[in-house]
Structure formats: C-alpha cells, structure tokens
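In what follows, a single structure is set out as structure tokens and then discussed.
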Amino acid sequence: MKRIRSRSLSDRIGSFVRDWSVPRQIAGQSSATKAAESSLSRGLRPRLEEADTVGTNICPYCAVGCSQLMYAKNGRVIHVEGDPRSPINQGTLCPKGAATLGLMTMPDRLDKVLYRAPHSDQWEEKPMDWAMDRIAHLTKRTRDETFVHKLPDGTIVNHTLGVGSLGGATLDNEENYLIKKLFSGGLGMVWIENQARV
Amino acid sequence: MPSLGATYGRGAATLAQWDLANSDFILVMGSNMAENHPIAFRFVMHAKEKGATVVHADPRFTRTSALADIHAPLRAGTDIAFLGGIIRYILENDLWFKEYAMEYTNIATIISPDYQGPDELDGVFSGWDEDSKSYVLDSWQYEGMKVPSSLAEHHATTTESFDETSKSTSEGPPPQDRTLQHPNCVYQIMKRHYARYTPEMVERVTGCRADTFLKVCEAMTRNSGRDRTGAICYAVGWTHHSTGVQMIRGAGIIQALLGNVGRPGGGVLALRGHTSIQGSTDIPTLYDMLPGYLQQPHAYRKHKDFDQYLETEQTPTGWWHNFPKYAVSLLKAWYGDHAAKSNGFGYEWLPKIVGDHSQLPMTMAMRDGVIRGMFFLGQNPAIGGSNSKLVQAGLAKLDWMVVRDCADTETASFWKDGHLVRDGDMRPEDIGTEVFLMPGSLAGEKDGTFTNTHRLLQWHDKVVDGPGESQSELWFIYHLGLRLKDLYAGSEKERDKPMLNLTWTYPEMGPDRDPSAEAVLKEINGYTWADRKQLTGISDIKDDGSTACGCWIYSGVFPQDDHNQSRSRRADGPEGPGTHLGWGFAWPENRRTLCNRASADPEGKPWSEKKRLIWWDEENESWTGHDSVDFPKDKAPGFDPDWSSHPTGMDALDGRSPYIMIADGKAALFAPSGMKDGPLPAHYEPLESPVHNAVYPRQSNPVAKRWEEPDNQLAKPGDPRFPYAFTTYRLTEHHSGGTPTRSVPVTAELQPEGFAEIPTELARELGIGNTDWIVISTLRGEIETRALVTDRMQPFRLAEGRVVHQVGMPWHFGWKGYATGDVANVLTSVVGDPNTSMHENKALVCNVRPGRLTRGAPTRGDG
Ligand code: SF4
C-alpha cells in the first residue's frame with residue numbers, strides 16, 4: 001500500500017471546501033453530475049473507455065438467462081455488466097451473475113492439464129496432446145472390452161455399459177449435441193446423464 | 001419433467017418469466033425464488049406492485065416469504081397433501097373455471113370401470129402388482145380406449161388382453177359425460193379421491209394451520225377466471241422428492257381446473273437451476289431420450305427394428321403422430337449417407353438401454369465396478385451426488401476418469417483429500433484410478449447457445465480466449481471424436497460401424513482448430529440433405545430421408561444460412577405487446593406461451609380484453625395475436641374431426657384442443673398414462689419420515705426407487721434415533737456443487753462458510769448456541785458444521801400435539817476453494833422418484849448433537 005503524504009491543515013480544509021458538494025447543489029448544480037465532481041473524481045475515467053471489444057454474454061450460473069455485456073481489452077475481460085436491453089434482466093444481475101468476471105479470472109482457474117497416475121499421491125502437468133491421445137485410447141479400450149452387440153436372446157443392443165458420462169447442464173446446446181452424438185450415436189454409451197436429476 | 005409432459009403435453013415452463021408481471025396471483029412453492037432466481041423474482045414483485053397476491057408455501061421462512069403476502073409453512077415432503085387440499089377446495093366449492101375446463105381438459109371423460117383409487121385400496125391404485133412393485137395401467141385408461149402418453153415413453157404398460165379389446169384414439173372421441181354425473185368420469189373420481197384432503201387433514205399432515213391454508217385457497221380461486229390469471233412457480237423443492245413428479249402434477253391439475261394455462265400471467269413456471277439445464281434436457285445428455293424428447297431405444301420394449309420402434313412410438317392422434325419425421329431426420333443428421341430407408345436409417349446403430357441408467361444407479365454401477373471409465377463434464381458429484389461417500393467409493397473403483405472444469409473439484413481430487421482418505425478407509429496408494437483434470441473454458445471464452453428456464457435460446461459470443469490451455473467442450477468432444485475415428489479407421493467389425501458412419505465434419509477455426517458452433521447449431525436446426533438448405537421450421541422436416549435435423553423442437557432457430565435467431569436482440573418497447581418475439585428464440589417455433597390456443601374461449605375470442613393473447617380472426621380464417629401460435633394456424637374453433645374417416649394426427653383433434661401434444665388434445669387432469677405411480681397425485685410420506693402417513697395406510701410411494709444396501713440404509717418411519725426432519729437448500733451467493741462460486745473471492749466472501757439452520761426451540765433443548773459446532777448424523781454418515789440458530793425454522797405441530805423439528809442445510813459446500821464446509825450429501829441417500837429417478841434430498845431424517853466429529857470414528861449404521 002502506498003503511504004498517503006501528509007498535508008498541511010489549511011491545504012486539507014481548502015480542498016474539502018472545494019470538493020464539498022452541498023454548497024454547489026444549493027447553487028443549483030445537479031447532484032448527479034456537476035455537483036458530484038471532486039478533485040478525485042476528475043481524475044477518474046470509466047473502465048469501459050479502455051475496452052477494445054464488447055460482446056453479448058449470457059450469465060453462466062442459473063437458468064433465468066440474464067444477458068450480460070462483456071468488455072475486453074487486449075484479449076482480457078475487464079468488465080461484465082447486465083445488458084440493459086434484455087427483457088429478462090433489464091441491466092441487472094444478482095450476486096452470482098455479478099461475479100462472472102471474478103469467475104473468469106479467479107486465482108484457482110485451471111489453465112493446464114493435470115494428471116494423476118494410478119496409485120500416485122500427486123498431480124503432474126501433462127501436454128494436452130498427450131492427454132487427448134491417452135483418453136481416446138482408454139475410451140476405445142474400455143469400449144472394446146465391454147461392448148455388447150447382441151443380447152443372448154438375439155436382440156441387437158450395440159451398447160457399452162463400461163463407460164459413462166456425467167454433466168451437461170452448464171454447457172452449450174451445441175456441446176450437449178456433440179456429446180450425445182459421439183457418446184451415444186458413435187460409441188454406444190448408455191450411462192449418459194447430467195444435472196437434470198440433481 | 002414428465003409431470004408437465006403428462007398433464008399439458010410438454011415438459012417445460014408454460015410461460016415466460018417476464019409474463020409473471022401480468023399475474024393476479026402467484027404461488028411460489030418448492031422454491032425460494034427471491035434467493036435462488038432473484039432476477040426472475042423481480043417480475044413477481046412487479047405483479048405485486050400492481051396488486052397481485054403473492055403466496056410462499058415452504059418449510060422455511062426465507063426472503064421469498066418475507067416479500068410474500070402470505071407465508072404458508074409446511075413440513076418438507078407434504079406438498080401433495082397441501083395441493084390435494086386446494087383441489088378439494090376448488091371442487092367442493094365449485095370454483096373451477098367451467099367453460100375452460102369442460103372444453104380444454106379431460107374432466108368429463110369416463111375412465112375404465114375397473115379403476116379404483118387409493119381411498120378404496122388401502123393406499124394403492126388399481127393395477128398394483130406387489131411382486132414387481134409396479135402398476136399395470138389397464139384400469140387407468142379411458143373406458144374402452146387406449147391412450148398413449150405424450151412423453152418420450154409413449155405406450156402405456158397395459159396387458160395384451162386389454163390391448164386387443166381397446167380401440168385407438170383415432171376411432172372416435174373419448175367417452176364423455178358432459179353432465180359430470182357418471183361415477184367414473186374424471187370429475188367424480190377427483191371428487192372422491194380428494195374428499196379426504198380437508199383443511200383439517202392438511203393441518204394434520206403438513207403442520208400448516210387450516211386458516212392459513214384456507215386463505216391461500218381463497219386468494220387463489222378469487223384470482224382466476226375470464227379476467228384474472230394466476231401462476232405457480234416451482235423449483236427443485238418439488239422435484240427432489242420420491243413423490244416429486246406428482247407434486248408438479250398437483251400444480252398442473254390446479255392450473256388446468258382454474259383455467260390458467262396458456263393465458264397471459266397464467267401457467268406453471270419451472271425454475272431450473274443451471275444455465276442450460278433446459279437445453280441439456282431438450283438435447284439430452286440423458287440416458288433415456290434422444291434430442292427433442294424422442295425415446296432412446298430400449299432392449300425390452302417393442303423397439304427391435306426401426307419399423308417396430310416407429311409403430312410403438314408414433315401416436316395415432318395428436319402432434320406426436322409426426323414422430324417418424326423427427327426420428328428419421330435425426331438419424332440422417334447422425335449417420336448421413338449411411339442412413340437410408342433400406343437400413344432403417346441406421347437405427348440399429350443407436351445403443352439400446354436395458355434399464356435405468358440415470359445418475360443414482362450410475363453411482364451404484366461405479367461402486368460395483370460395472371462402469372470402468374467416466375467423463376465428468378462440468379459436474380461435481382462428490383458434492384452434488386446423493387450419498388457422497390458412496391459416490392467417492394465408486395470413483396475409487398474406476399480405471400480412469402476425465403474431469404473437465406474451470407477449477408480443481410472435489411470429484412477430481414477425491415483420491416487426495418476426499419472422505420475415503422480423510423476417514424482413513426483408503427490411502428492414495430490404494431486407489432488405482434487414473435485421473436485427467438482438464439481446463440474447461442467458460443461462456444465468453446467460447447460461443448454457443450444456452451436455453452433458459454422458459455425455453456429461450458440465447459446466443460453468447462466468444463469475447464476472449466480462455467486462460468492457458470483451456471478449451472471448450474465442443475473442442476474436446478470434436479477432437480476426441482476425430483481421434484476415435486482414426487483409431488477405428490479400417491475396422492470391418494459390425495460393432496464399429498456407428499463410430500465409422502457418424503457424420504463428423506465441422507468447419508474448423510483458428511490455430512486451435514475450434515469447431516464452429518454455428519455449424520453445429522445449423523445441424524441442430526436442420527437442413528435439406530441434398531442441397532444443404534436450412535429448414536425454416538418444424539413443418540419442413542420430412543420422414544423420407546431428404547432432411548437432416550439434430551433436434552426437431554429447435555428447428556427454426558437458424559432458418560437461413562445467415563440468420564441465427566438466437567442472436568437476435570430486439571426486445572419490445574414499452575408500447576409493444578411484451579412477448580418479445582424478436583429477442584432470442586423460444587422452442588417450439590418461437591412460441592412464448594405454450595398451449596396459447598387456451599387464451600381464447602372455445603369460440604376463439606379472448607376470454608377478456610385484459611387477458612388477450614391470441615384469437616381467431618374470422619375474416620382471414622386464421623389464428624393471430626401477440627404470440628407465435630401454438631396451434632394449427634388455420635384450424636377453426638368450430639372444427640370437429642370426421643370420425644368415419646379414422647382421422648390421424650392433428651386431424652383427430654377438434655378446434656378446441658389447445659394441448660396438441662396430448663393424444664386427445666385436452667389437459668390431463670387424470671393421467672391415463674405416462675405416470676408410473678398413479679393417475680392422480682396422492683400423499684405419501686418421504687421414504688424417511690419422522691411420522692406415519694395420516695392419509696393412507698401406505699407409508700411411502702410404493703413405486704419409489706430404492707437401493708437399500710449396507711452403505712445406503714434408510715431409517716424406518718418414526719425411528720427414535722433420528723427424530724428430526726432434515727432438508728437441503730441453496731444460497732444466492734453459491735451455485736450448486738460450488739466450484740464456480742466457492743473459488744471466486746467475491747462470492748466466497750459473501751457466504752464464507754457452511755452452516756445448518758436449527759430452530760431456536762430445538763437449540764435450547766439440545767444446549768446449542770448460535771455458531772456452535774454441531775454434528776448431524778443419518779444412517780449414511782455424519783458431518784460437522786456450525787449451527788445457525790433461527791426462528792426462521794419453526795417447529796411443526798402435527799396431529800395429537802406431536803412437534804416435529806426441522807433442520808436445514810445448504811448443500812454447496814466442500815473442501816475446495818475459499819468458502820468451505822462439510823458436505824451435506826454425506827447425509828443423503830440413493831433413493832428416487834419412480835418417474836424420473838430424482839433423489840429425495842429435500843426430506844430425510846437426522847439426529848443433531850453439539851460438538852465436533854472425531855475423524856476416523858465409525859460413522860455408519862450405529863446410530
Ligand atoms: S444473474 Fe443471477 S438470476 Fe440472472 S442468470 Fe445469473 S445467476 Fe441467474
């Protein structure tokens with residue numbers, strides 16, 4: 001924290017009087033604009049002024065579906081606020097929606113692949129490509145070992161009970177579509193579930 | 001949501017959230033809306049400002065109660081007793097909306113003479129089979145007629161002899177007695193069934209005082225009719241019960257009787273939890289359905305080949321007669337050129353389910369070693385799954401698991417610091433699970449659509465790249481698919497055909513080769529196979545293989561190559577109709593209010609000037625109004641089917657049938673099929689209850705799903721070791737399993753630590769002070785937390801002066817992030833509603849003692 005330089009008493013009284021809003025309001029200045037100015041506020045600039053990009057987002061938390069305006073600068077989000085155009089939230093957000101920027105930039109945000117080998121007691125970092133190859137390999141192996149083409153009575157089932165998937169309610173429709181398409185339509189997985197039942 | 005599906009034909013909210021501002025009465029029940037859907041609650045407050053009466057019926061006094069006109073406290077799990085009481089009040093006092101209900105519901109329909117209710121059969125309905133613990137539905141059907149359900153599972157489980165003698169819904173209108181005198185017409189059956197749900201009984205069972213209950217009934221009935229409408233809002237406070245589906249059915253019946261559905265400010269609003277939980281039900285990452293509520297093929301049903309599947313699932317009458325179009329076009333989207341008429345469009349490649357593969361049995365299948373590999377895509381079952389210790393034991397049995405999330409989760413790290421390790425049951429060295437924890441990107445870092453709680457699809461932009469190596473699920477699944485296609489390339493095996501034949505070409509963008517979300521949405525919307533022209537809507541979908549469509553109910557969201565309606569952001573101005581048809585896209589066909597044909601009277605005129613929505617334009621012979629019409633546009637109100645021609649599909653529905661997804665076009669007050677636990681809601685106690693059922697000799701839902709095993713035991717009714725009712729709930733500042741809020745400094749600061757609320761009276765009895773440590777125990781486990789001693793939790797005074805105390809606990813907490821606390825789901829059990837396999841974490845029994853846990857002590861079964 002920067003130390004605040006101590007100033008003389010008369011200096012402080014002088015700047016207090018200059019910044020004091022009430023006399024200026026009495027003199028007819030608006031409390032929302034001119035009379036609200038102070039020596040501090042004159043130096044402030046809106047954060048949004050620096051944004052080089054703005055996009056429309058939808059709140060990632062609950063299903064009310066509040067719209068957000070998301071501002072970014074140099075590829076980093078700098079501000080998220082309620083979209084005033086939305087007939088759902090009309091510019092407002094609840095404490096969760098208002099935490100969206102905090103969510104995107106939280107200190108614990110995961111940004112690399114962590115791997116825990118069987119029986120290990122620690123995480124290790126791994127390259128994405130390696131992990132993707134290994135997951136594809138394991139998926140194929142478990143599917144192939146557990147795949148059932150026909151039941152004993154001859155009914156074709158084309159399924160595996162050996163691989164499952166959980167999750168989807170926080171994801172995009174397009175993502176759910178590809179998950180269901182690949183896992184069910186391609187691999188024959190039947191244990192496919194999401195948060196709809198929790 | 002099969003409850004609304006069975007009642008109104010579609011399992012989704014019937015009205016838009018903003019439409020609540022037009023309500024004259026709002027009942028919030030099974031929801032703490034002010035805290036958990038705060039922004040939607042603004043519309044409740046708008047209505048209140050305009051004079052609407054707001055009621056909150058809930059076990060706890062919350063901010064919702066504080067803002068309501070009436071708070072009706074009721075013991076957790078007794079909602080059907082309360083709702084049944086309202087139905088009785090409406091019928092006994094003749095306060096139902098007759099012109100509406102006579103035409104638009106099945107109130108006059110005659111049910112099989114073999115039907116008997118639980119009042120006659122010691123608490124079960126006719127058709128009960130004690131051995132299989134299930135119902136055969138012959139006796140619930142319309143007299144002499146077999147009625148298919150509008151749910152994914154269309155057929156009723158009826159016996160073969162019944163099938164032979166019954167006629168189909170296209171052979172004539174349902175049998176009716178419009179004088180309502182026939183002893184087996186729905187009206188008379190309901191009157192008998194609900195006769196015992198008197199205000200005194202309501203008080204005895206729920207603990208809500210009769211005078212408070214009557215105030216609710218009075219306000220509700222006063223605010224319905226031609227000029228007035230009421231809405232009911234519910235959330236997981238209803239679904240999380242072994243009778244959850246029937247609770248929602250109760251609301252569905254009330255709203256149909258009062259004539260509220262399909263009208264401005266009226267209906268049932270399902271308030272759902274996650275941002276796109278509606279979307280992930282419509283395009284289901286669920287085991288039992290294919291996109292658009294088509295049934296996943298089942299090995300033990302008549303689903304052997306495509307013809308048999310279609311024959312079983314296509315209803316003779318109503319909108320679902322179009323079923324083959326949607327099934328064929330889905331297969332075309334998935335298997336492309338490999339899907340041809342000659343091979344049943346590749347139907348055989350779809351996996352068939354063999355039973356219940358939902359999350360609860362999934363938990364068991366992991367523990368039992370049946371499931372060997374798991375993907376967890378943004379879900380954290382170590383916190384959110386019932387019986388957390390059992391869940392974690394299952395994780396330890398897996399060969400491998402992939403967790404994709406924005407931060408480390410309790411599920412991903414179970415082997416390191418989970419309960420197994422903490423309680424000394426296992427060491428990390430003993431756990432053989434190979435774990436991949438992969439960084440996922442968030443909205444704002446990827447583009448795509450979410451579907452909100454009122455069926456509204458809204459596009460979100462990619463504004464920035466996610467941090468480091470994070471990727472979207474779209475990227476992950478797409479690239480996993482490409483790798484798998486490579487691995488299977490060249491295989492000649494029959495079983496590998498689905499993987500090889502799956503269409504998997506999407507345009508890639510950028511250095512990371514991101515698949516285009518727009519291209520996926522275009523496939524979901526559907527296009528013509530030959531020349532790739534976007535379908536303009538549902539009516540373009542064909543059953544001959546000429547169209548591909550990934551999810552028929554979403555058709556119309558991307559009607560032209562350059563028109564993505566989910567991106568549209570044109571809200572109505574203050575002078576506009578307020579349906580906001582230019583904002584996003586609501587399925588189906590941009591309809592904001594479902595069943596909105598019912599907003600006009602049988603002749604097609606608005607019920608009143610004030611409650612206009614759509615109406616019949618005599619001159620142009622078409623329906624018109626402020627919303628997209630949820631009815632055939634040119635079907636005149638006076639239309640009657642020509643039964644001599646055996647009409648099918650929509651031709652069999654008259655011009656007064658707003659519920660087009662139902663086989664007879666009428667709201668099902670009495671549900672002849674679709675429900676596994678009864679055609680009418682009946683009160684059963686939760687599977688764990690401090691008291692005996694006062695309404696019927698059957699204690700609990702006889703069809704409820706149970707997995708009673710040593711690590712998942714249930715306390716017997718009235719077990720003195722567990723004298724208190726226990727319920728779980730959510731907080732404004734945290735989200736579900738907690739990962740996206742407990743690790744975020746601002747939200748963690750607002751709610752920094754776990755706690756349980758206990759009534760002042762009980763705290764005094766047990767010598768517990770505010771913020772003291774307490775231990776809560778059930779037959780599944782014990783947890784420690786801080787006591788929040790409060791008058792918001794009031795004891796319930798039931799029959800014979802019996803007092804039941806209730807303890808409540810938020811379930812978000814875990815050991816990761818800044819805001820931590822013990823895991824409420826250690827206490828809950830794996831049990832489920834028979835229709836949905838939804839758990840019962842809203843109502844169980846527990847014990848409470850002051851003090852802390854000694855880790856490593858035995859925690860199970862020794863009470
Ligand atoms: S801002 Fe709050 S109410 Fe709105 S969608 Fe987000 S979490 Fe839900």
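Every heavy atom of this structure was used, including side-chain atoms; hydrogens, water molecules and symmetry mates were not. Chain identifiers are assigned alphabetically (A, B, ...) following the order of the sequence lines, protein sequences preceding nucleic acid strands; residue numbering begins at 1 within each chain.
- Between A/K181 and B/Y506, the closest heavy-atom pair is NZ-OH, 2.7 Å.
- Remark: the backbone N or O of A/Q195 is not paired with any side-chain donor or acceptor of B/Q359 at under 3.5 angstrom.
- Side chain of B/D465 to backbone of A/G75: no donor-acceptor contact under 3.5 angstrom is found.
- The main-chain N or O of B/G832 is never found under 3.5 Å from a side-chain atom of A/R197 such that the two would form a donor-acceptor pair.
- One N or O on the side chain of B/T275 and one on the backbone of A/C59 form a donor-acceptor pair closer than 3.5 Å.
- Using a 4.5 Å heavy-atom threshold, the side chains of B/E434 and A/L138 count as touching.
- Taking the side chain as every heavy atom from C-beta outward, A/K96 and B/E733 never approach each other to under 4.5 Å.
- Taking B/I39, B/L480, B/D486, B/T453 one by one and counting their heavy-atom pairs under 4.5 Å with chain A, the maximum is reached by B/I39.
- Annotation: side chain of B/V520 is not in contact with side chain of A/E175 (no heavy-atom distance under 4.5 Å).
- For the pair A/R116 and B/F436, the NZ or CZ position fails the cation-pi test of under 6.0 Å to the six-membered ring centre and within 45 degrees of the ring normal.
- Atoms CZ and OG, on B/F376 and A/S165 in that order, are 9.0 Å from each other to the nearest 0.5 Å.
- In terms of heavy-atom pairs under 4.5 Å with chain A, the best-connected choice from B/G279, B/G378, B/G468, B/A443 is B/A443.
- For the pair A/L161/B/H357, a side-chain contact is recorded, criterion being any heavy-atom separation below 4.5 Å from C-beta on.
- Side-chain N or O atoms of A/D111 include none that pairs as donor or acceptor with a backbone N or O of B/P467 at under 3.5 Å.
- With hydrogens and angles ignored, the 3.5 Å screen pairs a side-chain donor or acceptor of A/K180 with a backbone N or O of B/L286.
- Highest contact tally toward chain A, considering only B/T449, B/T741, B/L521, is held by B/T449 [criterion: heavy-atom pairs under 4.5 Å].
- Of all heavy-atom pairs between A/W191 and B/S358, the closest is CZ3-O, 4.2 Å.
- Residues A/L171 and B/S276 are not in side-chain contact: their nearest non-hydrogen atoms beyond the backbone lie 4.5 Å or more apart.
- Of the atoms belonging to B/V370, heavy atoms from both backbone and side chain fall under 4.5 Å from chain A.
- Salt bridge absent: B/K416 and A/D121 never bring a charged side-chain N and a carboxylate O closer than 4.0 Å.
- No side-chain donor-acceptor contact under 3.5 Å links A/Y177 and B/D282.
- Closest approach of A/P87 and B/A571 over heavy atoms only: CD-CB, 4.0 Å.
- Side-chain atoms of B/W415 and A/S120 form no donor-acceptor pair, as typed in the model, at a separation below 3.5 Å.
- Looking at B/Q379, its side chain never comes within 3.5 Å of a backbone N or O of A/A169 through a donor-acceptor pair.
- With a 4.5 Å cut-off on side-chain heavy atoms, B/W504 and A/L178 count as touching.
- Between the CG atom in B/L484 and the CZ atom in A/F183 there is a gap of 8.5 Å [rounded to 0.5 Å].
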Given the rule in the side-chain contact (heavy atoms from CB on, under 4.5 Å) test, do B/Y478 and A/L182 qualify, once you have shown the distances and angles that lead to the verdict? CA-CA 8 Å; B/Y478 171 67; A/L182 178 67; over 6 Å; no
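- To the nearest 0.5 Å, atom CG of residue B/L487 and atom NE2 of residue A/H137 are 8.5 Å apart.
- Put simply, the side chain of A/N158 never gets that close to the backbone of B/R495: no donor and acceptor are under 3.5 Å apart.
- B/Y335 contributes a side-chain N or O that, together with a main-chain N or O of A/G185, makes up a donor-acceptor pair within less than 3.5 Å.
- Residue contact with chain A, scored on non-hydrogen atoms closer than 4.5 Å, is absent for B/S386.
- To the nearest 0.5 Å, the span separating CD1 on A/I135 from CE on B/M438 amounts to 4.0 Å.
- When each of A/N176, A/N173, A/D172 is checked for a side chain to side chain donor-acceptor pair (under 3.5 Å) with B/T451, only A/N173 meets the rule.
- In this structure, CG in B/L437 is found 14.5 Å from NZ in A/K126, a value given to the nearest 0.5 Å.
- The residue among B/Y554, B/W583, B/F476, B/W18 with the most heavy atom pairs within less than 4.5 Å of chain A is B/W583.
- Closest of all the heavy-atom pairs between A/H159 and B/P351 is CB-CB, 3.7 Å.
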Under the criterion salt bridge (Lys or Arg N to Asp or Glu O under 4.0 Å), I'd like the reasoning laid out for B/E445 against A/R109: C-alpha separation, chi angles, the key distance, then a yes or no. CA-CA 13 Å; B/E445 299 161 354; A/R109 187 77 198 269; 2.8 Å; yes
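- When atom types are taken as modelled, the side chain of B/Q458 and the backbone of A/I58 share no donor-acceptor pair closer than 3.5 angstrom.
- With a 4.5 angstrom heavy-atom cutoff, B/Q471 touches chain A only via side-chain atoms.
- Between B/V463 and A/N57, every side-chain heavy-atom pair lies at or beyond the 4.5 Å cut-off.
- When all heavy atoms of B/H274 and A/A63 are compared, the pair lying nearest together is O-CB, 3.1 Å.
- Residues A/T155 and B/Y300 are not in side-chain contact: their nearest non-hydrogen atoms beyond the backbone lie 4.5 Å or more apart.
- Between chain A and the options B/L500, B/I431, B/I353, the largest number of non-hydrogen pairs under 4.5 Å is found for B/I431.
- Interface remark: B/L502 contributes side-chain atoms only to the contact with chain A (heavy atom separation under 4.5 Å).
- Among all heavy-atom pairs drawn from B/R569 and A/T56, the shortest one is NE-CG2, 3.5 Å.
- Residue A/N74 does not touch chain B at all, counting heavy-atom pairs closer than 4.5 Å.
- Atom-to-atom distance recorded for B/I371:CD1 and A/M189:CE is 9.0 Å, nearest 0.5 angstrom.
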